[in-house]
Amino acid sequence: MPENQDLHPMRHSLAHIMANAIQHLWPQAKFGVGPVVKDGFYYDVDLGKDSLSQDDLKRIEKEMHSIINAKQPFEKSEKPIDEAIAWAKDNRQPYKEELLNDLKRAGTTVAKDLDKDELGTITDGDSQVDAVSFYTNGDFTDLCRGPHVADTGKTGAFKLLRVSGAYWRGKEGNPQMQRVYGVAFASKEDLSHHLQMLEEAKKRDHRKLGQELDLFVFSDLVGPGLPLFTPRGTVLREEIGRFSQELQAAAGYQRVTIPHIAKIDLYKTSGHYDKYPERFSVTSVESDTEFMMKPMNCPHHTQIYASRPRSYRDLPIRYMENTIVYRDEKAGELHGLARVRAATQDDAHVFCRLDQIEQEFTAIMTMISDMYKVFDLTWKARLSFRDDSDQYLGDPKVWEEAQQTLETVAKKLELDYFVEEGEAAFYGPKIDIMATDALGREWQLATEQLDFVQPERFGLEYTGEDGEKHRPVMIHKALLGSFERFLAVYIEHTAGKFPVWLAPEQIRVATLNQEDKVVDFAQKLVEQATELGLRATLDNASESVGKKIRAAELMKVPYMVVIGDKEVESGNVLPRIRKDIEVSAVPEPIGINEFLKTVAHEAKARVSKTSLHGIPAEFKG
Ligand SMILES: [Zn+2]
Ligand SMILES: [Zn+2]
């Protein structure tokens, strides 16, 4: 884990202690693997006929505390591999035995989702293993590579959260095990802060809020991973999409439009055909030609560029399009809007000369800054560069120059950035936008990539000042990335309390009674708001006004006005303002025109008057 590196030995030691406790309580327990994961640890266990339930977690915790209180040192020992295999056999640990046999045979246990430190390997996997290490605390010995804390007493604060099913080595058809998962932190305060954050995250789960706020739905008939956006959700999509397009238009990007399928030859030429085995094929009854749903848009866009001769004077050429790409993601990996099979992108491609990369990236990173400020998201830029290996295509000198340019841009704009070598795509370096939400969780959103390869594969050209043909460079860029993923993050970031410019319903007008003059007045107010481009609705149900107010609050409508006789007579309203929206003065009755103009201005200027910072200390209600 890159974060909390110092907590790693502690969390890892807790995995031993938990296995030890489970063995005390269920002596027949057979153990799989027990790695450190984000915020904590787990261990896979097989209790034979018994099985663990959520209720057992308290018992295990109690047993763990007695092991912790005993302050048992972790002691290292080594065994030759054959002795280790015999040990596993004697102790009836068939899973460990299997791992050890793999180690002996292949020098690795190859389970790429496991931390390779968790198993007792002495080699790095490409040679044979002679010996393995074990660690013992009290009466418990485990095959392990370490490192651990000095003794069981030095393990901070932890809590076991859940038990779930897991196949041995993650492979269907293998024995079913149970995965016991816990979180651990250096102090009780850190732990309780984390648990509080998890509670808040549960409340903010975008799948739950999507349902409650009527933003999107899934249908079994349409299929998994294919979200359907309701009218309210469509407002969100269109508003963020328009915002992105406005920023790009100001930077010289032009809109293009492409179909959602293409001949597979297009993707064979681009090289994506082999890279996207998770493709949706499309068959034609008319011809033998094979088509597929587009998994990306760049190949199409190259064909617009290639449709006429280009001169150095035409560059950069910048195409943008909000459009959907289709990828047949595994059903088990689909997750609300965060992982879907049809993802909308604010995708753009720049075709430019090498000497224009700096200006283009400066413009892109400036757009990102402007956009994420409005969304109230803090972010870091991860610059992914190449290493010395030969897995990258293109001239290393050009790479070097381009990487330097990207870093120059990051420095010049004073971005919060870091460099990771060896993380570049094979076709060029990239910048990922890592945003932090109101709960302190980090998400990768947009990615901006340089591409030296696709222009080559499609034979893109421009005529230079020298009259010769040259290759342009391509930049893939998105500000939002996937709309769906962005909305998943943003819904949880805001807890569904969208700023006025994004709120699907900006003003709700409720009537105090059903008198004609009151209803007429309320209706006119809604019409006037609509004329100003605002999204306003009328609640004229014969319910108590208290109920109407609660209904508007549940839908997190930013502004609500109640119309009764008093409002009709004075022509003034006293808006009820959603609690998280900061207002400097106590609201007073204001004239209708003034109220509507203020809201319209707020919406148009994309003002963010909500206060999201300071969370999670107070979890604004
Ligand atoms: Zn260990
Ligand atoms: Zn692209």
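First listed ligand is number 1; within each ligand, the first listed atom is number 1.
The atom name of the N/O/S atom in His476 closest to the Zn ion (ligand 2) is ND1. If you look at His16 and ask which of its N, O or S atoms sits nearest the Zn ion (ligand 1), the answer is NE2.
Heavy atoms only, all atoms of each residue included: Leu445 and Ala435 are closest at CD1-CB, 3.7 Å.
Taking His470 as the reference, Tyr462 meet the ring-ring contact (aromatic ring centres under 6.0 Å, His included) condition, with sequence neighbours excluded. Partners of Glu448 under the salt bridge (charged side-chain N to carboxylate O under 4.0 Å, His left out) rule, at least two apart in sequence or in another chain, do not exist in this structure.
In this structure, Gln345 contributes its side chain and Val325 its backbone to no donor-acceptor pair below 3.5 Å.
The NE2 atom of His148 and the NE2 atom of His12 meet at the Zn ion (ligand 1) at an angle of about 100°, given to 10°.
For the Zn ion (ligand 2), the set of nearby N, O or S atoms under 2.8 Å includes one belonging to His349.
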